[in-house]
Novice: 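So that we are looking at the same thing, I have put the structure below in structure tokens.
So that the names make sense, note that chain A is the first sequence line, chain B the second, and so on, each numbered from 1.
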Amino acid sequence: MAHAETHAAEAHGHADHAPQSFIWKYVFSKDHKVIGIQYYVTAMFMALIAGLLAMTIRLQLAWPEKTFPSLNFLTKGYTDGVMNPEFYAMLFTMHGTIMVFFVLSTAPVSGFGNMLIPLQVGARDMAFPFLNGLSFWTFLPGCIVILSSFFVGAGAAAGGWTSYPPLSALRSAVPGSEMGQTLWIIGMVFFIASFTMGGLNFVTTILNMRTKGLSMMRMPMTLWAMFLVAVLGLLSFPALTAASLMLLFDRHFGTSFFIPSGLVLSGQVVNHQGGSPLLWQHLFWFLGHPEVYILMLPALGFTSDIMVAFCRKPIFGYKAMVGAMLAISGLSFVVWGHHMFVSGMSPYLGMAFAVGTMLIAVPSAVKTFNWLATLWRSRIIFKTPMLWAMGVVSLFISGGLSGIWLGQTALDIHFHDTYFVVAHFHLIMAGAALFGVFGATAFWFPKMFGRMMNDTLGKIHFWFTFLAYYCTFFPMHYIGLAGHMRRIYDPYQYEFLKNLQPINQFITISAFILGASQILFFINYFWSAFRGEKATDNPWNAAGLEWTTPSPPGHGNWPGEIPEVHRWPFDYSVPGAEKDFVLQTDPAPIGDKAGSH
Amino acid sequence: MFSGFPLFPEQASTLALGVDGLYFFLVLVTAFFFVAISAALLFFSVKYRRRSPHEWPAEIHGSLMLELAWSIVPFLICVVIFAWGAILFFSMNRPPDNAIEVSVVGKRWMWKLQHMTGQREINELHIPVGRAVKLTLTSEDVIHSFFVPAFRVKKDAVPGRYNVMWFQATKPGRYHLFCAEYCGTQHSRMIGEIIAMEPADFQTWIQGGPAPESPVAAGQKLFAELNCITCHRADSQGRGPVLDGLAGSTVKLLGGGTAVADDTYLRESILVPAAKIVDGYQPIMPTYQGQVSEEGVLHLLAYIQSLKGQAGAAGAAGGNK
């Protein structure tokens, strides 16, 4: 086992002195905590943009017949108060792309990963601090490129966040397939490069820089999640890098990776031959499926770690929880084909993908029931982070169960490309990831800013978000069952969808409430960061290593020696102990049942 | 029995019956687990709320028996669901032999359909009730998806390849046909209709109007017009391979390797002849990319498929059945 007995962090020169000037301390920082916050705040800004895009989508779906002259200032989007269909396609494409990559991969993984990994492994910083800073400064241009695509030529990419060719490969296919799609590709390549640097840092830090006594089987669930997420990213993102560059070549340099022979687009013969559009789908989803677990796993880790601290009870079945995460990660590499059941794949191949998909239900069930068993006979304290953790469990159940509907082949044929799928992934992947981030923010806020977030405001924010989230996404199951497809500009051109308009209006109003509720979070976050109640070092009486640092931790994290770890981070309410938690650094020979291996 | 179930669109195909059975089962299973787990979550939240800091919870680290139970039970349920779904999926992918054949070409933003008897339709498909209909789908530009909610079927029309789907309508009526794969600006206007008719009415419909040219006949004509006949002679003396009996056979390629001469292979060989050269022949065939429409390719394929054993006559007759 790779014990980090060398105290590797101290061996690094960077830990010796803290930078003094503002620009090196807060802008081009190499400190993992500053970088974590930079990622987090950038993701917040991107979420604001992508959220506004979603609101505009909802406005169109609820009242396509109404005119909104006040929106004419969006010159590309509206003509005489009516949305252009091209703009609608840009909205859902960019909402998906920004949310999946630039918000929900960024905030939990790059944001909290950087923030927490050194604190939880007991290191002065990440293994490669320069690479870490470089990774953020690669990410930021990606954001700028992606956002700038709205302002060039005909507008942003409009082929869906999945960018299926030939639509995305032929520049004349839709207005967004001109410059917008090219910028989409460039933005994604920046993002992937940044994520890869982060992943290398995560894996190296977690494997090599754990403090003395912190064996892998004593790691908190968050650390396990970050480790697995980094491995998933390193192994799966290269497929999308390759595919994106191939797409770029198809678009600009005359190759035909994804464009078959004999196409005629709008009366023009397309001068490409020999490619296959399905190749893109395989490459995209080879990344795409692990990617959705990259969003999910941190939330599952946060939930376990938050839950134990507010249940005052050890995690139920630690080994099974770790095993379940490993299983989910492993299976994520062999199920990408379930996104392609209607593409005409051989039914035998379809079976192989369906088996793997159905198997994911087993580790997911283990996680759910073990959480329930953690709650069972505990003593729950309902603070804001705990509410979010319970929210993750709730969304994990409701979104996970609909996964069984979509994972087997027969029903998926009907549901594919309908709002049922939209409901499913917004609940489980987007919702669980988002709620996980909110929970983690409230929980680890003292380590970000040395202050507490306001608990009352936090709880109000939770209840508004929780109820509005369900009201927004749960009815989408129903309209999906009824045959309402995704990505349609005007549903009421379809006779049989006309009666669904009231439901769409209800969803839209819920979505507006959901969006408006987030103002509470922004206020709470920024107000608390500067004016919140000062936090003690361990305000939640939690047992993890990170709670032995000052709030906020200074440069190098621990003022003195890096502490040694003597137990796992789940020693709550140990019989015979003085208090109802025992810090990981406590050498007393009590408790630590599972941590002894 | 599920037709009155308000949660699903109209049920009008033989496949819909099976799919809705599984659907109903899944509603029960997921509703049970959703209610049970949510209730437990709520109950625990109330019952195990900490009332004073002096209360300590029970000391519990895990239970192998419980964990095994909640691994094995979901596993078994999933096996049942998987097997049920798999059986349905295979039946969706196996068109019956006596099916009526229709070719479909997706194009922005319309569906172009042709019966093997030659009738062409746009955004409409007339079919008889009680008889399987097999569609061969392709697209001439981007990916489209042929979606009939009332039949519970959907299949992508992918350019450059031929996908097959089938259904059998159970009652007369007009059913919505949609494109389910986002295909560009007017995607939401790519709407059509399936018109299921009593067999007698269908016979009247198909025999109405002037007798159209069957795809095989059209292919044969195109074959002559494009001078394919000059090289692809029936007597193996031509400069190109003999096409009689080629469709579906395994071909030896130049430089080793083989290929199955399916529709996709034949299409490629017409449009980009240099892609795969048959062993023993020279790469002299010119490309027909841009000279044959997607429907023209389908006609040529129909003609080549009809060349089984004895010239084209048998196949043409089969098409008129």
Novice: Does any N or O in the side chain of Arg161(B) come within less than 3.5 Å of the main-chain N or O of Leu278(A), such that one atom is a donor and the other an acceptor?
Specialist: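 The answer is no, because no donor-acceptor pair under 3.5 Å joins these two groups.
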
Novice: Closest approach of Pro159(B) and Leu263(A), non-hydrogen atoms and distance?
Specialist: CB-CD2, 3.4 Å

Novice: Determine whether a donor-acceptor pair (N or O, by modelled atom type, separation under 3.5 Å) exists between the side chain of Tyr23(B) and the backbone of Trp405(A).
Specialist: no

Novice: Less than 4.5 Å apart, side chain to side chain, heavy atoms only: is that true for Leu167(A) and Tyr182(B)?
Specialist: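 Answer yes - side chains close enough.
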
Novice: If you measure from CD1 on Ile77(B) to CD1 on Ile404(A), what distance do you get to the nearest 0.5 Å?
Specialist: 8.0 Å

Novice: Highest number of heavy-atom pairs under 4.5 Å with chain B: which of Cys311(A), Pro85(A), Ala89(A), Ser343(A)?
Specialist: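 Winner by heavy-atom pair count: Ser343(A).
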
Novice: What part of Lys579(A) is in contact with chain B, defined as an atom under 4.5 angstrom from a non-hydrogen atom: side chain, backbone, both or neither?
Specialist: backbone

Novice: Non-hydrogen atoms of chain A under 4.5 Å away: do they reach the side chain of Phe146(B), the backbone, both or neither?
Specialist: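 Contact with chain A involves no heavy atom of Phe146(B) at all.
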
Novice: Can you name the closest pair of heavy atoms from Pro347(A) and Asn93(B) and give their distance?
Specialist: CG-CB, 3.9 Å

Novice: Are the side chain of Arg108(B) and the backbone of Ala173(A) linked by a donor-acceptor contact shorter than 3.5 Å?
Specialist: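 Yes.
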
Novice: Report which part of Ser45(B) has an atom under 4.5 Å of a heavy atom belonging to chain A: side chain, backbone, both, or neither.
Specialist: both

Novice: With a 4.5 angstrom heavy-atom cut-off, which part of Pro260(A) approaches chain B: side chain, backbone, both or neither?
Specialist: side chain

Novice: What heavy-atom pair brings Val264(A) and Asp141(B) nearest, and what distance separates the two atoms?
Specialist: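 Of all heavy-atom pairs spanning Val264(A) and Asp141(B), the closest is O-CB, 3.6 Å.
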
Novice: At a 4.5 Å cut-off on heavy atoms, which part of Ser91(B) comes close to chain A: side chain, backbone, both, or neither?
Specialist: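 When you check distances to chain A, no heavy atom of Ser91(B) falls under 4.5 Å.
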
Novice: With a 4.5 angstrom heavy-atom cut-off, is it the side chain or the backbone of Pro277(A) that approaches chain B, or both, or neither?
Specialist: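 Side chain of Pro277(A) only, per the 4.5 Å heavy-atom cut-off to chain B.
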
Novice: Under 4.5 Å from any heavy atom of chain B, what part of Gln281(A) do you find: side chain, backbone, both or neither?
Specialist: side chain

Novice: Hey, what do you get for NE2 (His54(B)) to CG (Asp580(A)), rounding to the nearest 0.5 Å?
Specialist: 10.5 Å

Novice: Got a donor-acceptor contact below 3.5 angstrom from the Gln289(B) side chain to the Val270(A) backbone?
Specialist: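 Side chain of Gln289(B) to backbone of Val270(A): a pair is present.
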
Novice: Should Lys154(B) and Thr418(A) count as side-chain neighbours, where that means a heavy-atom distance under 4.5 Å?
Specialist: yes

Novice: Which atoms of Leu26(B) come close to chain A, meaning under 4.5 Å heavy atom to heavy atom: side chain ones, backbone ones, both, or neither?
Specialist: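 Answer is both: backbone and side chain atoms of Leu26(B) are under 4.5 Å from chain A.
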
Novice: Can you tell me how the ring of Phe89(B) sits relative to the ring of Phe341(A), calling it parallel under 30°, perpendicular over 60° and tilted otherwise?
Specialist: tilted

Novice: Check whether Val79(B) gets within reach of chain A through its side chain, its backbone, both or neither, counting any heavy atom under 4.5 Å.
Specialist: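 Nothing of Val79(B), per the 4.5 Å heavy-atom cut-off to chain A.
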
Novice: What distance separates Ser261(A) OG from Ile270(B) CD1, expressed to the nearest 0.5 Å?
Specialist: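 Reported value, rounded in 0.5 Å steps: 11.5 Å.
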
Novice: Under 4.5 Å from any heavy atom of chain A, what part of Glu294(B) do you find: side chain, backbone, both or neither?
Specialist: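 The side chain, not the backbone.
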
Novice: Chain B heavy atoms under 4.5 Å from Tyr88(A): which part of the residue, side chain, backbone, both or neither?
Specialist: neither

Novice: Select one option (side chain, backbone, both, neither) describing which atoms of Phe496(A) are under 4.5 Å from chain B's heavy atoms.
Specialist: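 For Phe496(A), heavy atoms of backbone and side chain both lie under 4.5 Å from chain B.
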
Novice: Met390(A) versus chain B, heavy atoms under 4.5 Å apart: side chain, backbone, both or neither?
Specialist: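 Contact with chain B: backbone and side chain both.
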
Novice: Any sub-3.5 Å donor-acceptor pair from Asp156(B)'s side-chain atoms to Gly344(A)'s backbone N or O?
Specialist: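 Such a contact is absent between Asp156(B) side chain and Gly344(A) backbone.
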
Novice: With a 4.5 angstrom heavy-atom cut-off, which part of His272(A) approaches chain B: side chain, backbone, both or neither?
Specialist: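 Backbone only.
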
Novice: CZ/Arg377(A) to CD1/Ile60(B) distance, rounded to the nearest 0.5 angstrom?
Specialist: 5.0 Å

Novice: Considering only heavy atoms and a distance below 4.5 Å, find which of Leu359(A), Ile259(A), Ile381(A) pairs most often with chain B.
Specialist: Ile381(A)

Novice: Please classify the contact between Arg189(B) and chain A as side chain, backbone, both or neither, with a heavy-atom cut-off of under 4.5 Å.
Specialist: both

Novice: Using the ring of each side chain (for Trp, its six-membered ring), is Trp568(A) parallel, tilted or perpendicular to His61(B), with breaks at 30° and 60°?
Specialist: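 Plane angle under 30°, so parallel.
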
Novice: Please step through side-chain contact (heavy atoms from CB on, under 4.5 Å) for the pair Ile413(A) and Arg152(B), ending with a clear verdict.
Specialist: CA-CA 7 Å; Ile413(A) 300 297; Arg152(B) 312 287 187 270; over 6 Å; no

Novice: Out of curiosity, Lys107(B) NZ to Leu265(A) CG, how far, rounded to the nearest 0.5 Å?
Specialist: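 Here the rounded value is 9.5 Å.
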
Novice: Flag the pair Thr409(A) / Phe82(B) as yes when at least one side-chain heavy-atom distance between them is below 4.5 Å, and no otherwise.
Specialist: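 The answer is no; the side chains never approach within 4.5 Å.
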
Novice: For Thr368(A), is it the side chain, the backbone, both, or neither that has a heavy atom closer than 4.5 Å to a heavy atom of chain B?
Specialist: side chain

Novice: By a 4.5 Å heavy-atom criterion (distance strictly below it), what part of Tyr489(A) contacts chain B: side chain, backbone, both, or neither?
Specialist: both

Novice: About how many Å separate CZ of Phe90(B) and CE of Met351(A), when rounded to the nearest 0.5 Å?
Specialist: 5.0 Å

Novice: Between His414(A) and Pro149(B), which heavy-atom pair has the shortest distance, and what is it?
Specialist: CE1-O, 3.7 Å

Novice: Asn163(B) versus chain A, heavy atoms under 4.5 Å apart: side chain, backbone, both or neither?
Specialist: side chain

Novice: Go through the atoms of Ala275(B) and report whether side chain, backbone, both or neither lie under 4.5 Å from a heavy atom of chain A.
Specialist: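 The answer is neither part of Ala275(B).
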
Novice: For Val342(A), is it the side chain, the backbone, both or neither that has a heavy atom under 4.5 Å from a heavy atom of chain B?
Specialist: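 The answer is both parts of Val342(A).
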
Novice: Report which part of Val19(B) has an atom under 4.5 Å of a heavy atom belonging to chain A: side chain, backbone, both, or neither.
Specialist: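 Val19(B) touches chain A through backbone and side-chain heavy atoms alike.
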
Novice: Select one option (side chain, backbone, both, neither) describing which atoms of Pro165(A) are under 4.5 Å from chain B's heavy atoms.
Specialist: backbone

Novice: Can you give me the closest heavy-atom contact between Trp56(B) and Val574(A), atom names plus distance?
Specialist: CZ3-O, 3.4 Å

Novice: Hey, can you tell me if Phe369(A) and Phe33(B) have their rings parallel, tilted or perpendicular (30° and 60° cut-offs)?
Specialist: perpendicular

Novice: Please assess Ser378(A) against Phe44(B) for the test side-chain contact (heavy atoms from CB on, under 4.5 Å), listing each intermediate value before the final yes or no.
Specialist: CA-CA 9 Å; Ser378(A) 67; Phe44(B) 289 175; over 6 Å; no

Novice: Does the side chain of Met485(A) reach to within under 4.5 Å of the side chain of Phe178(B), using non-hydrogen atoms?
Specialist: yes

Novice: Among Gly483(A), Ser398(A), Ala373(A), Ser364(A), which residue forms the greatest number of heavy-atom pairs with chain B at distances under 4.5 Å?
Specialist: Ser398(A)

Novice: I'd like to verify something: which residue of Val366(A), Asn370(A), Leu375(A) has the highest number of heavy-atom pairs under 4.5 Å with chain B?
Specialist: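 Of Val366(A), Asn370(A), Leu375(A), Asn370(A) has the most heavy-atom pairs under 4.5 Å with chain B.
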
Novice: What part of Phe570(A) gets closer than 4.5 Å to chain B, counting heavy atoms only: side chain, backbone, both or neither?
Specialist: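 Interface part for Phe570(A): neither.
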
Novice: Which region of His187(B), side chain (C-beta onward) or backbone (N, CA, C, O), has a non-hydrogen atom less than 4.5 Å from a non-hydrogen atom of chain A, or is it both or neither?
Specialist: both

Novice: Identify the heavy atoms of Glu67(B) and Ala320(A) that sit nearest to each other, and give their distance.
Specialist: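 For Glu67(B) and Ala320(A), the tightest heavy-atom pair comes out as OE2-CB, 3.3 Å.
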
Novice: Should Met358(A) and Phe75(B) be marked as a side-chain contact (heavy atoms from CB on, under 4.5 Å) after you check the CA-CA gap, both sets of side-chain angles, and the distance that decides it?
Specialist: CA-CA 8 Å; Met358(A) 295 307 281; Phe75(B) 175 74; over 6 Å; no

Novice: So which of Tyr164(A), Tyr348(A), Phe310(A), Phe92(A) has the largest heavy-atom pair count under 4.5 angstrom toward chain B?
Specialist: Tyr348(A)

